[in-house]
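Predicted, not measured: the structure shown is a model, and the values here were computed from it. By convention in this document, chain letters (A, B, ...) are assigned in the order of the sequence lines, proteins followed by strands, and residues within each chain are numbered from 1.
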Amino acid sequence: MAPRVRFAPSPSGYLHIGGARTALFNWLWARRQGGTFVLRIEDTDQERSSVESVRAILDALRWLGLDWDEGPEAGGSHGPYFQSERRARYREVADAMVEAGTAYRCYATKEELEQARAELKARDPKAQFVYPGWWRDRRDWPDGKPWVYRFKTPRTGATDFDDLVFGRVSTPNDAQQDFVLMRSDGFPLYNFSCVIDDHDMGITLVARGRDHIGNTPQQVLLYEALGWPAPQLAHLPMMLSAKGEKLSKRHAAVSVSEYRDRGYTAMGVLNYLARFGWSHGDQEIFARDELVAAFDWASVNRADGKFDEKKFADVAFEHLKQPRLTSDAEYVERVRPFLAARGLDADEPTLCAALPLIRERARTLADAAHHLDFYFREPPELDPAAAKVLTPQSAELLEGLAAALTAVEPWEGAAIDEAIRAWVEARGVSLKDVAQPARVSLSGRTASPALHDVMAVLGRARALARLRHGATLAREAAAARAPG
RNA sequence: GGCCCCAUCGUCUAGCGGUUAGGACAUCGGCCUCUCACGCCGGUAACGCGGGUUCGAUUCCCGCUGGGGUCGCCA
């Protein structure tokens, strides 16, 4: 049977890089198996949820290309996909559980709980408060007072489940307290709504971060109490910071949108995330369809990992470098916003001609825009460090070179290169002596692609004009330096 | 602290009883070279410790140590 999987973020911020990995693994499995990827918004915490967050998460998922078959804006036959719109259903199940004796109304107030907590703390600072079940067996419900629903957790025995990644996990039931199912304001708590929705939405496999493995026994207990079959379970090892702590803003960029804004491509991000906790032999680099074809739960690792920015950058770079992974058309489309941000209006022919020179240099799209900059500025912006290269002696060389290249045919890299070398030899100078002044004239920088490649991209007219302009600058520099 | 989980180079990982313990990133040399980059060649670098099981353990079992997660009217 084709699996139904889901990603269920709570809209209390941006899409976290770890959340993106969870979404990716679910998505991969759905696509691999021809199953259904459901997106559900867990907005039962009114305090923390916001529509802006929903928007941000949806946008980030769309940018990553993790399209959902059912969920917000997609619809589907198992909606609504916002938990805040499913409250009647939760209440219905909770009442049924009270009737069945698997849950109970608890009228203990927050204040009473706080007091009990405080008293325990006073007696034994190290002790952990456990709700003692004051209302576990009472039916003398006071009129007009708010209550919460609590689960009547079995006091003995153990709860087991088989995890696709971790194997069999067993937890003693006495480690569990009578946890709250629904708050007094009528909103459900995570474990409760999660179980009901996964059941009602026909979810067959739940894959989520390992930080959820601890409340899985509670959810399994709920499935048992409700007489529902539990879905398959798969927990993913955690993505930790380089220091081994829980990943947060302090350690690295943690929001998917931040990576987008920095100029990484979606597949660069996805490829790194996919290889984090999952492997496929020695293969490091994957196109999207290769990922879909190769993904499996058996190859998911159990050990937590540390996020490595260097490795991430390299994987992302590989995607920009290889036309197989990022086509020319896609590259051009993606880099345009970054060029625009520099105030550049790049014409298509020049951009396409420069692209091969950029691929092996640009580590991000933002970086690509930097490398592309001088092709689209007339004259190119002159780096302070580069200006020093335009010495008085170089003026004549630059003019000589420009003159030597006026008749080169065809105006192509190889021919230009040949002409440069021929001229250098005839002139009895070293290429090294000419190269840097020429480079600075052409690009305004001390580092650039090969001279002949740059000139080929610029075209004869602009290339020669820049060389001559460089000569002018060199003379001006000489004049400026001359005393009086 | 209770409960749960984990453990191969600095990092991500391959390995599923017998390997010179492999790859990638990073790092260090070198080559290429008009600069930068790419590329290429090479080096340093790992099975946490102690018991078992076995002819033989990185691999299977137990303990220890270390690390992580989780113990809310958050998710």
Decide, yes or no, whether a salt bridge links A:Glu42 with A:Arg86 under the criterion of side-chain N to carboxylate O below 4.0 Å. no
Between A:Gly305 and A:Arg117, which has a closest nucleotide on RNA chain B that is more 5'? A:Gly305
Heteroatom pairs (N/O) under 3.5 angstrom, protein to nucleotides 20-22 of chain B:
from: B:rG22; atom 1: N2; to: A:Asp282; atom 2: OD1; distance (Å): 3.0

Distances for protein N or O near nucleotides 39-46 of chain B N or O, under 3.5 Å:
from: B:rG39; atom 1: OP1; to: A:Lys321; atom 2: NZ; distance (Å): 3.1

Any residue in residues 356-376 of chain A with a heavy atom nearer than 4.0 angstrom to RNA chain B? Just list them by number, or reply none. A:Glu360, A:Arg361, A:Arg363
Enumerate the residue pairs fulfilling salt bridge (Lys or Arg N to Asp or Glu O under 4.0 Å) with a member in residues 171-190 of chain A, sequence neighbours excluded, ordered by first and then second residue. A:Arg136-A:Asp178, A:Arg155-A:Asp178, A:Arg183-A:Asp185
Please enumerate all residues that pass ring-ring contact (aromatic ring centres under 6.0 Å, His included) together with A:Tyr190, with sequence neighbours excluded. A:His212
Those residues that, when tested against A:His199, pass ring-ring contact (aromatic ring centres under 6.0 Å, His included) (two or more places apart): A:Trp228
Could you check whether the side chain of A:Gln283 and the base of B:rG23 have a donor-acceptor pair of N or O atoms closer than 3.5 Å, going by distance alone? no
Counting only heavy atoms and a strict 4.0 angstrom limit, can you tell me which residues of residues 152-168 of chain A come near RNA chain B? A:Phe166
Does a side-chain N or O from A:Ser170 land closer than 4.0 Å to OP1 or OP2 of B:rC4, or not? no
ring-ring contact (aromatic ring centres under 6.0 Å, His included) with A:Phe376: which residues, sequence neighbours excluded? none
Taking only residues two or more places apart in sequence, or in another chain, which ones meet A:Arg89 in a salt bridge (charged side-chain N to carboxylate O under 4.0 Å, His left out)? A:Glu92, A:Asp200
Neighbours of RNA chain B within residues 296-303 of chain A, by heavy-atom distance under 4.0 Å: A:Asn301, A:Arg302, A:Ala303
Per atom distances to the A:Glu284 side chain, the nearest of B:rC25, B:rU35, B:rA24 is B:rA24
In whole angstrom, give the distance that lies between atom CZ of A:Phe307 and atom C1' of B:rG10. 16 Å
Within 45° of the axis and under 6.0 Å from the centre of the six-membered ring of A:Phe25, does NZ or CZ of A:Arg21 qualify? yes
Contact residues, residues 185-195 of chain A to RNA chain B [heavy atom, < 4.0 Å]: A:Pro188, A:Leu189, A:Tyr190
Listed in order of residue number, which residues of residues 440-449 of chain A have a non-hydrogen atom at under 4.0 Å from RNA chain B? A:Thr446, A:Ala447, A:Ser448, A:Pro449
